[in-house]
Protein chains: 2
Amino acid sequence: MPEFLDLHGSTNKAVRAVADAGMRHLGLHLGQNHVLALLWEQDGRTPGEIAATLHVTTPTVVKMATRMATAGLLTRRRDDRDNRLVRLWLTEAGRALRQPVEQQRERLENHLTADLTEAEREQLISALTKIRRRALELLADGDPTDAEPR
Amino acid sequence: MPEFLDLHGSTNKAVRAVADAGMRHLGLHLGQNHVLALLWEQDGRTPGEIAATLHVTTPTVVKMATRMATAGLLTRRRDDRDNRLVRLWLTEAGRALRQPVEQQRERLENHLTADLTEAEREQLISALTKIRRRALELLADGDPTDAEPR
DNA sequence: CGCCATTCATTAGACGGCTAACGATTCGGA
DNA sequence: TCCGAATCGTTAGCCGTCTAATGAATGGCG
């Protein structure tokens with residue numbers, strides 16, 4: 001009885017959509033909130049650092065940073081000592097979003113898992129962790145998915 | 001103890017990546033396989049039908065269809081009786097992918113859930129179903145996520 | 001019968017991701 | 001000291017997904 005793949009995908013899509021809706025009326029897009037979260041914790045990080053932390057490629061962060069700069073959430077400034085580096089600094093607007101965004105995220109998570117008992121929630125997290133680990137292994141192994149299944 | 005959102009997102013990303021890798025060496029991109037699956041089951045569907053079945057918007061299907069036509073997987077042809085409609089017809093190449101793709105998908109699913117007991121798998125599916133339902137409700141309700149949480 | 005609302009597909013453009021190619025800068029070793 | 005290797009960010013371009021705007025065809029109602 002397969003169909004786990006589709007279920008997980010469609011769940012993700014639904015969750016994403018509602019999270020995006022939630023963020024949108026705070027004036028930002030989904031994904032930007034992750035960058036912001038890192039800068040709230042420590043301002044002036046570089047795109048590379050952020051990308052590594054978020055498990056995302058550098059170009060992705062660069063693009064987001066460009067939009068966020070346009071939106072007035074942060075500014076770019078090259079590092080004085082190492083001119084290859086660029087550091088992202090929050091604006092006042094970027095800092096101001098911290099409290100509402102964090103609150104919104106928590107509320108969303110509670111809403112979504114409201115139908116689960118505490119035990120169910122723990123099992124869910126455990127199961128997802130296992131699956132993710134498997135997926136990462138497959139990726140690292142040069143995905144022998146088409147080779148002999150054994 | 002939040003963090004379910006991030007876990008779910010990162011799991012999805014990993015799963016997606018490995019699935020995409022698997023599809024790529026069969027010569028197609030992730031997402032195309034869903035369109036193909038529908039056409040295998042019934043050839044000659046319209047973009048609108050496919051979009052509705054996949055819970056995706058019509059433009060998404062149109063774009064994929066364009067690429068898939070370029071890739072030689074299917075052809076477009078307008079319906080004779082209702083000229084507004086466009087019907088997508090598999091080419092021989094598109095039909096030929098059925099067996100390998102389905103096999104690959106099943107293998108992938110087994111790999112990913114290999115660390116779960118049967119009970120765990122069932123609980124996982126149950127939990128995801130509940131969460132997805134919640135998410136869809138929130139979307140439908142005009143997402144009162146920012147309104148009074150009560 | 002003719003016109004307007006409905007129904008489809010397509011196009012345009014945005015977001016989040018990714019890979020590949022470039023360009024600039026720093027650093028280390030000969 | 002100087003040049004090539006390593007390190008960064010940026011650009012270009014593709015995939016999947018969405019919304020909004022356009023365009024073409026059908027259908028129903030007066």
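Here the structure is a predicted model, which means the values were calculated and not measured.
- DNA chain C lies under 4.0 Å from at least one heavy atom of each of the following residues of residues 26-48 of chain A: A/His29, A/Leu30, A/Gln32.
- For B/Lys63 against D/dG16, a side-chain-to-base donor-acceptor contact under 3.5 Å is absent.
- Remark: A/Arg81, A/Asp82, A/Asn83, A/Arg84 in residues 70-87 of chain A come within less than 4.0 Å of DNA chain C through at least one heavy atom.
- Contact check for B/Leu124 versus A/Leu7: no side-chain heavy atoms found under the 4.5 Å cut-off.
- Across the protein-nucleic acid pair, A/Asn12 atom CG and D/dC18 atom P stand 12 Å apart, rounded to whole Å.
- We find the CD-CG distance between B/Glu102 and B/Leu97 to be 10.5 Å, quoted to the nearest 0.5 Å.
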Measure all distances between protein nitrogen or oxygen atoms and nitrogen or oxygen atoms of nucleotides 19-23 of chain D, and list the pairs falling under 3.5 Å.
none

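- For the pair A/Asp20 CG and D/dG16 C1', the interatomic distance rounds to 14 Å; values are reported in whole Å.
- Residues A/Asp79 and A/Val86 have side chains not in contact (no heavy-atom distance under 4.5 Å, counting atoms from C-beta outward).
- There is no side-chain donor-acceptor pair under 3.5 Å between A/Thr46 and A/Arg87.
- For A/Arg105, the salt bridge (Lys or Arg N to Asp or Glu O under 4.0 Å) partners are B/Asp6, not counting sequence neighbours.
- B/Arg16 has no side-chain polar atom (N or O) that falls below the 4.0 Å cut-off from OP1 or OP2 of C/dG17.
- With no hydrogens or angles considered, no side-chain donor-acceptor pair links A/Thr129 and A/Ser126 at under 3.5 Å.
- Residues passing the side chain to side chain donor-acceptor pair (under 3.5 Å) test with A/Arg78, sequence neighbours excluded: none.
- Pairs of residues two or more places apart, or lying in two chains, never qualify as salt bridge (charged side-chain N to carboxylate O under 4.0 Å, His left out) while including a residue from residues 63-76 of chain B.
- A/Arg134 places a side-chain heavy atom less than 4.5 Å from the side chain of A/Glu137.
- Of the side-chain N and O atoms in B/Arg67, none sit less than 4.0 angstrom from OP1 or OP2 of D/dC14.
- Remark: A/Arg16 does not engage A/Asp20 in a salt bridge, criterion side-chain N to carboxylate O under 4.0 Å.
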